[in-house]
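Presented below is the structure to which this report refers.
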Amino acid sequence: GTVISAVLVMRIHALYQNKALLICLLFSCFGSLILTLVAVSIMVFRYETFMPGSVVGLDGCFPGCSSSFCRPLFIAFWIPFTASETIIFILTAWKSYQSCVLRRHADMSSSFIAVAIGNFLVWLFDPFASFLAVGLLKSLQVTICSR
C-alpha cells in the first residue's frame, strides 16, 4: 500500500510540479504508514486469533480478532489509507478536469477508491471476511502502478 501510494504521489508531483504539494503528500503517506503500522502491530501482537477454516467449509486457519477492541482497530487500519487515496484521487480529478488527456487515469483512480471503500466496509461489517476483498485491491494497485 505505501509503495503504491508513493508511486501515485510521484505521478501527482509530475502533474503539478509543486514542491509544497509534494512535501504535503509525502507527509500524508508517511503519516498513513505510521498509523497503519501502529494499528496492525496492536492488532497482531495483542489481539490476533486464528479461526479454523472448517467453520466456513474451508481447509486451514484464518487469522482474526476476537476482542471488542478489534473492530475500531480494523476501521483505523483503513482510514489513513482511504484518506490518502481520496486526496490523490481529488488532485488527479482536478487535473483531469483541467485537461481531458488524463481522463483514463481518473477513471482508474475512481475504481481504486471504490475498491478501497469496499475494503473499508468489509472490515467494518465482517472482519473475518476481509480476505475476500484484499485480493481485488492489491491487483488493482498493481494495475494502476503499471500504467
Side-chain angles (χ1 to χ4, degrees), residues 1-51 56 58 61-147:
T2 304
V3 173
I4 303 298
S5 294
V7 169
L8 294 176
V9 165
M10 288 188 300
R11 284 183 161 189
I12 293 296
H13 178 63
L15 289 174
Y16 283 90
Q17 298 292 315
N18 185 331
K19 278 189 177 183
L21 180 62
L22 174 66
I23 291 169
C24 287
L25 289 174
L26 287 176
F27 275 119
S28 170
C29 284
F30 184 70
S32 175
L33 172 67
I34 296 299
L35 289 173
T36 301
L37 286 175
V38 167
V40 168
S41 63
I42 290 172
M43 186 172 49
V44 168
F45 293 122
R46 290 192 182 171
Y47 300 112
E48 185 174 42
T49 58
F50 290 93
M51 178 177 73
V56 291
L58 300 171
C61 294
F62 296 102
C65 193
S66 59
S67 172
S68 63
F69 190 60
C70 293
R71 187 167 297 255
L73 281 175
F74 286 138
I75 294 168
F77 176 79
W78 285 107
I79 287 175
F81 172 74
T82 304
S84 64
E85 292 300 324
T86 302
I87 291 168
I88 290 171
F89 169 71
I90 290 169
L91 289 169
T92 303
W94 175 250
K95 205 51 138 168
S96 179
Y97 175 74
Q98 293 175 339
S99 168
C100 293
V101 175
L102 301 173
R103 186 173 308 260
R104 186 182 78 171
H105 181 68
D107 291 342
M108 288 175 53
S109 293
S110 62
S111 63
F112 187 70
I113 287 295
V115 171
I117 290 172
N119 266 336
F120 177 74
L121 292 174
V122 167
W123 279 98
L124 181 64
F125 294 115
D126 190 8
F128 284 107
S130 62
F131 63 91
L132 298 173
V134 171
L136 179 61
L137 178 67
K138 294 302 176 188
S139 63
L140 191 57
Q141 285 177 333
V142 170
T143 302
I144 288 174
C145 274
S146 67
R147 302 275 171 187

Could you pull out all donor-acceptor pairs under 3.5 Å where a side-chain atom in residues 29-45 meets a protein atom, sequence neighbours excluded?
from, atom 1, to, atom 2, distance (Å)
T36, OG1, S32, O, 2.7
S41, OG, L37, O, 2.9
S41, OG, V38, O, 3.0

Rounded distance (nearest 0.5 Å) linking atom [atom1] of [X] with atom [atom2] of [Y]:
X   : Y   : atom1 : atom2 : result
L91 : L15 : CG    : CG    : 9.0 Å
L26 : K19 : CG    : NZ    : 12.0 Å
I12 : C24 : CD1   : SG    : 13.0 Å

Partner set under side chain to side chain contact (heavy atoms under 4.5 Å, CB included) for I90, not counting sequence neighbours: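 I90 satisfies side chain to side chain contact (heavy atoms under 4.5 Å, CB included) with T86 only.
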Set of residues satisfying side chain to side chain contact (heavy atoms under 4.5 Å, CB included) with respect to I23, sequence neighbours excluded: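 If we apply the side chain to side chain contact (heavy atoms under 4.5 Å, CB included) test to I23, skipping adjacent residues, the hits are F27.
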Side-chain heavy-atom pair T92, K95 within 4.5 angstrom cut-off: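 No; the side chains remain at least 4.5 Å from each other.
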CA sep, side-chain torsions, deciding dist, call: E85, T82, side chain to side chain contact (heavy atoms under 4.5 Å, CB included): CA-CA 5 Å; E85 292 300 324; T82 304; 5.9 Å; no
